[in-house]
Amino acid sequence: MSDSDPRTSRTGRPRSTEADAAILEATRASLVDLGWSKLTMGDVATRAGVAKTTLYRRWAGKNELVVDAVAVLFDELELPDRGSLAADVQGVVLQFAALLERPETRTALMAVVAESTRDESLRMRIRDSIVERQKRLVLEGRRRAQQRGELPVETDAVVANRTADLIFDVIAGAVVHRMLVSAEPVDIDWARQFTLLLLSGLGPGAMERRPGS
């Protein structure tokens, strides 16, 4: 478990799971109502019904708190075995899209990403708490596809990790851009077309061809 995980235990008085959940929910509600610039630890504490010192015992500041409030939403994503790689990809794309349709997810994610362009430590926290944790979905989907014989087993660990990173970037990037930048829906038809493109590429030998060849 990452040090940035809000569930990480510390020495001293045991933490309350209920209090943590209330604080993170209050953080997301504050973002929707106030936006990043006006959100304060005091406002979150008031909404959550806890003392401000309770927040500071758990999180050093607003950046850490907001990232964890976003991260727990993405932890809701699951990858049940739907019987094929194509079905698995379509399923997680639609699940991710449904998560981004929620105002608290959309507002919180866009806020932390925008702020991270000016804050290197925040960008690293987003990577560790959200991106790296959600790569579990890619790893699980690839493992199943390899067991079914749909994907080759990559014996080189470096290459395998690079491929997993690329798959994650393509799926997450496409869905986020479609919904949050282009403001277009991700429905079943789009998910099916996207999956077809992802699995088939741009055509036979496309990766081997060079521009102008």
F96 and V186: side chain to side chain contact (heavy atoms under 4.5 Å, CB included), yes or no, with the steps?
-> CA-CA 9 Å; F96 184 30; V186 170; over 6 Å; no
[X], [Y]: one ILVMFWY side-chain cluster at the under-4.5 Å cut-off?
X	Y	answer
L166	V93	yes
V138	V170	yes
M124	L109	no
L199	V175	yes
V32	L65	no

Could you go step by step and tell me if R192 and D189 meet the salt bridge (charged side-chain N to carboxylate O under 4.0 Å, His left out) rule?
-> CA-CA 5 Å; R192 185 180 297 114; D189 287 341; 3.1 Å; yes
How many angstroms lie between [atom1] in [X] and [atom2] in [Y], if you round to the nearest 0.5 Å?
X	Y	atom1	atom2	answer
L24	L73	CG	CG	8.5 Å
D68	I23	CG	CD1	11.0 Å
L79	D88	CG	CG	5.0 Å
Q134	R136	CD	CZ	4.5 Å
K52	M41	NZ	CE	8.5 Å
R28	T105	CZ	OG1	7.5 Å

Would you check if there is a donor-acceptor pair between the side chains of R148 and Q146 at a distance under 3.5 Å?
-> no
Report yes if some heavy atom in the side chain of W190 is under 4.5 Å from a heavy atom in the side chain of L94; otherwise report no.
-> no
Apply the test side chain to side chain contact (heavy atoms under 4.5 Å, CB included) to residues W59 and D20: give CA-CA distance (whole Å), side-chain angles for both, the deciding distance (0.1 Å), then the verdict.
-> CA-CA 10 Å; W59 293 275; D20 283 353; 4.1 Å; yes
Across all chains, not counting sequence neighbours, the salt bridge (charged side-chain N to carboxylate O under 4.0 Å, His left out) partners of E154 are R142
Where do L197 and F194 land on the side chain to side chain contact (heavy atoms under 4.5 Å, CB included) test, with the steps shown first?
-> CA-CA 5 Å; L197 177 63; F194 170 76; 5.5 Å; no
Taking [Y]'s backbone N and O only, do any of them form a donor-acceptor pair with [X]'s side chain (distance below 3.5 Å, no angle check)?
X	Y	answer
R133	S129	yes
R178	A183	no
Q95	E78	yes

Considering non-hydrogen atoms only, spot the tightest contact between [X] and [Y] and give its length.
X	Y	value
S200	L196	OG-O, 2.5 Å
L180	R106	CD2-CG, 3.3 Å
A69	V72	O-CG2, 3.4 Å
L122	S116	CD2-N, 3.6 Å
D119	S121	OD1-OG, 2.6 Å
A19	R58	CB-NH2, 3.9 Å

Is the shortest distance from a Lys or Arg side-chain nitrogen in E76 or R102 to a carboxylate oxygen in the other one below 4.0 Å?
-> yes
Using a strict 4.0 Å threshold on nitrogen-to-oxygen distance, state whether D33 and K38 make a salt bridge.
-> no
Heavy atoms from other residues, nucleotides or ligands near NZ of K135 exceed 12 (cutoff 6.0 Å) = yes
Criterion side chain to side chain contact (heavy atoms under 4.5 Å, CB included) on F168 and L137, from CA distance to verdict = CA-CA 9 Å; F168 180 89; L137 301 170; over 6 Å; no
Given S30, which of T40, D43, T107, T46 fulfils the side-chain hydrogen bond (donor to acceptor under 3.5 Å, both in side chains) condition?
-> D43
